[in-house]
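Not measured: the values here are computed from a predicted model. Index from 1, following the sequence.
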Amino acid sequence: MCKKDGFLRVARIGQHFYEEPPVSGTLGSGTVFFCGCNMRCSFCQNKEISADYRGTAFTQDELISEIKRLESEGVHNINFVTPSHLIGELRALLLLYRPKTTVYNTSAYDGAEGLKGLDGLIDIYLPDYKYSDASLSLKLSQKRDYPSVALNAIAEMFKQQPKNVYSDTGLLKKGVIIRHLILPGYLENSVNALKILSDNFTGCEVSLLSQFTPRADCPELPRTLKPIEYKTVYLTAMKLNFSKIYTQELSSASPEFIPVWDL
Ligand code: SF4
């Protein structure tokens, strides 16, 4: 399903300014967007690379050179995006070259055993928690077991990084921020997802994403989020046990924020 072909195939390497402010900072996050994915979200903004596996094949040494080049440009961290299906290859790369600050940016459809292999190699985990509703997960992402798999994966991430550590300038240096993309018309899924996170990871930091952008090939989700929907989920989050809630402006729901796949 993930379409991996034995290479580290990448669609974009470069500075990225659209992560949470403590991750992007002022100089950007140094992102490595891997091709392929072990999920199949019908609404995926990156479908051209997640489902089609379009991109450039790098050897381990070539990718390490690119990472060093990014670091020399002054980015705040090296951010591996959609790495789950390449977790073994990523571990091997990080054992050869460990950037100063690393980010594992994932759907959270990860095996806890695989994540254990990254202990000591990843500083910041940015997992999604997309679904509390298994039938919705099956319908939109072809994975019925996503809610339980993602919860186990996030628990392992907290074992490795139990406390968020910020620099004097507000950059995240270590820790976990859990993202939740609010899907238009599916507020119950969002409210329950936040309750589960609050119960299981009391005091954690969450990021509420409003950036859902409709695609012509995803008729199940034909519109952007309404302000009242975002507000409802935000007010729910405010009543739960989170130590920090990152919010996102509704104007983020635009194709202009989708990176250009130039590799
Ligand atoms: S997990 Fe993310 S990259 Fe993968 S298909 Fe879903 S939205 Fe796309």
Side-chain angles (χ1 to χ4, degrees), residues 2 4-37 45-46 48-50 52-107 110 115 117-128 157 160-161 164-177 179 207 211 246 252 256-263:
C2 67
K4 73 189 242 190
D5 60 1
F7 290 98
L8 290 157
R9 204 168 276 277
V10 177
R12 179 178 164 76
I13 299 174
Q15 283 172 295
H16 189 62
F17 292 94
Y18 303 136
E19 307 291 16
E20 285 74 4
V23 178
S24 283
T26 52
L27 300 173
S29 179
T31 42
V32 177
F33 283 89
F34 286 119
C35 303
C37 184
Q45 288 183 1
N46 304 345
E48 289 70 22
I49 64 164
S50 65
D52 296 348
Y53 213 71
R54 199 198 69 194
T56 299
F58 284 80
T59 64
Q60 200 175 49
D61 287 346
E62 286 168 343
L63 193 53
I64 288 173
S65 295
E66 285 296 312
I67 289 169
K68 287 180 177 171
R69 180 188 59 75
L70 261 183
E71 286 185 299
S72 72
E73 289 173 4
V75 294
H76 298 298
N77 46 60
I78 297 297
N79 182 347
F80 299 101
V81 186
T82 319
S84 307
H85 56 300
L86 294 165
I87 195 165
E89 290 84 345
L90 179 60
R91 180 174 187 274
L93 183 147
L94 292 173
L95 287 172
L96 272 182
Y97 179 69
R98 164 72 154 94
K100 192 167 170 220
T101 306
T102 51
V103 182
Y104 188 86
N105 189 336
T106 174
S107 68
D110 288 281
L115 288 171
L118 296 180
D119 196 359
L121 299 172
I122 296 294
D123 299 299
I124 298 167
Y125 283 102
L126 292 180
D128 295 335
M157 295 172 199
Q160 295 177 25
Q161 297 295 351
N164 283 12
V165 178
Y166 288 87
S167 71
D168 294 344
T169 55
L171 286 172
L172 185 61
K173 304 307 285 181
K174 285 182 182 298
V176 181
I177 297 175
R179 294 166 159 174
S207 178
Q211 68 191 37
Y246 291 94
S252 307
E256 75 182 86
F257 294 107
I258 298 173
V260 176
W261 313 122
D262 53 4
L263 287 176

- Message: Within this structure, what is the NE2-SG distance for the pair H85 and C35, rounded to the nearest 0.5 Å?
- Response: 7.5 Å

- Determine yes or no for a side-chain-to-main-chain donor-acceptor pair under 3.5 angstrom, with T31 supplying the side chain and G14 the backbone. yes

- Task: Please round to the nearest 0.5 Å and tell me the distance separating atom CD1 of I122 and atom CZ of R91.
- Result: 11.5 Å

- Note on the structure: Tightest non-hydrogen contact, residues P83 and L90, listed as CB-CD2, 4.0 Å

- Message: Return the CG to CZ distance between L86 and F80, rounded to the nearest 0.5 Å.
- Response: 11.0 Å

- Query: Quick check: does any side chain N or O of S29 sit under 3.5 Å from a backbone N or O of V75, one acting as donor and the other as acceptor?
  - Reply: no

- Task: Taking the side chain as every heavy atom from C-beta outward, state whether S107 and T82 have any atom pair closer than 4.5 Å.
- Result: no

- For D110 and S84, does a side-chain donor sit closer than 3.5 Å to a side-chain acceptor? yes

- Indicate yes or no: does D123 engage R98 in a salt bridge with an N to O separation below 4.0 Å. yes

- Residues that Y125 engages under ring-ring contact (aromatic ring centres under 6.0 Å, His included), provided they are two or more places apart: Y104

- Message: When you measure from the side chain of S24 to the backbone of G28, do you find a donor-acceptor pair of N or O atoms at a distance under 3.5 Å?
- Response: no

- Item | Sub-4.5 Å side-chain heavy-atom contact between N164 and L172 | yes

- Message: With heavy-atom distances below 4.5 Å as the criterion, would you say the side chains of L126 and T106 are in contact?
- Response: no

- Query: Any luck finding a side-chain donor-acceptor pair between N46 and S50 under 3.5 Å?
  - Reply: no

- Query: Does OH belonging to Y97 count more than 12 external heavy atoms closer than 6.0 Å?
  - Reply: yes

- Task: Starting at CG of L8, measure out to CG of L63 and round the result to the nearest 0.5 Å.
- Result: 5.5 Å

- Task: Over all heavy atoms of both residues, which pair between G25 and L171 is shortest? Give the atoms and the distance, please.
- Result: CA-CD2, 3.7 Å

- Item | Main-chain N/O of V23 paired with N77 side-chain donor or acceptor, under 3.5 Å | yes

- Query: If you look at every heavy atom in Q45 and Q211, which pair is closest and at what distance?
  - Reply: NE2-O, 3.1 Å

- Task: State which residue, out of L263, V81, T56, fulfils the side chain to side chain contact (heavy atoms under 4.5 Å, CB included) condition with V10.
- Result: L263

- Query: Does R179 come within less than 4.0 Å of D128, counting only side-chain N to carboxylate O?
  - Reply: no

- Message: Using 0.5 Å steps for rounding, measure from the CE atom of M157 to the CG atom of L118.
- Response: 9.0 Å

- Task: Mind checking salt bridge (Lys or Arg N to Asp or Glu O under 4.0 Å) for E89 and listing every partner two or more places apart, or none if nothing turns up?
- Result: K4

- Any donor-acceptor pair under 3.5 Å linking the side chain of H76 with the backbone of T26? yes

- Query: Below 4.5 Å, heavy atoms only, C-beta onward: do E71 and I78 meet side chain to side chain?
  - Reply: yes

- Side chains of I64 and L93: does their closest heavy-atom pair fall under 4.5 Å? yes

- Could E66 and R69 be called an ion pair, given the rule that one side-chain N must be under 4.0 Å from one carboxylate O? yes

- Note on the structure: Distance col, row F34:CZ vs F58:CZ, nearest 0.5 angstrom, shows 10.0 Å

- Taking only residues two or more places apart in sequence or in another chain, which ones pass ring-ring contact (aromatic ring centres under 6.0 Å, His included) with F33? H16, W261

- Task: Return yes if some donor-acceptor pair links the side-chain N/O of Q160 with the main-chain N/O of L115 below 3.5 Å, else return no.
- Result: yes

- Message: Just so I know, are the side chains of V103 and E19 near enough to count as touching, which here means a heavy-atom distance under 4.5 Å?
- Response: no

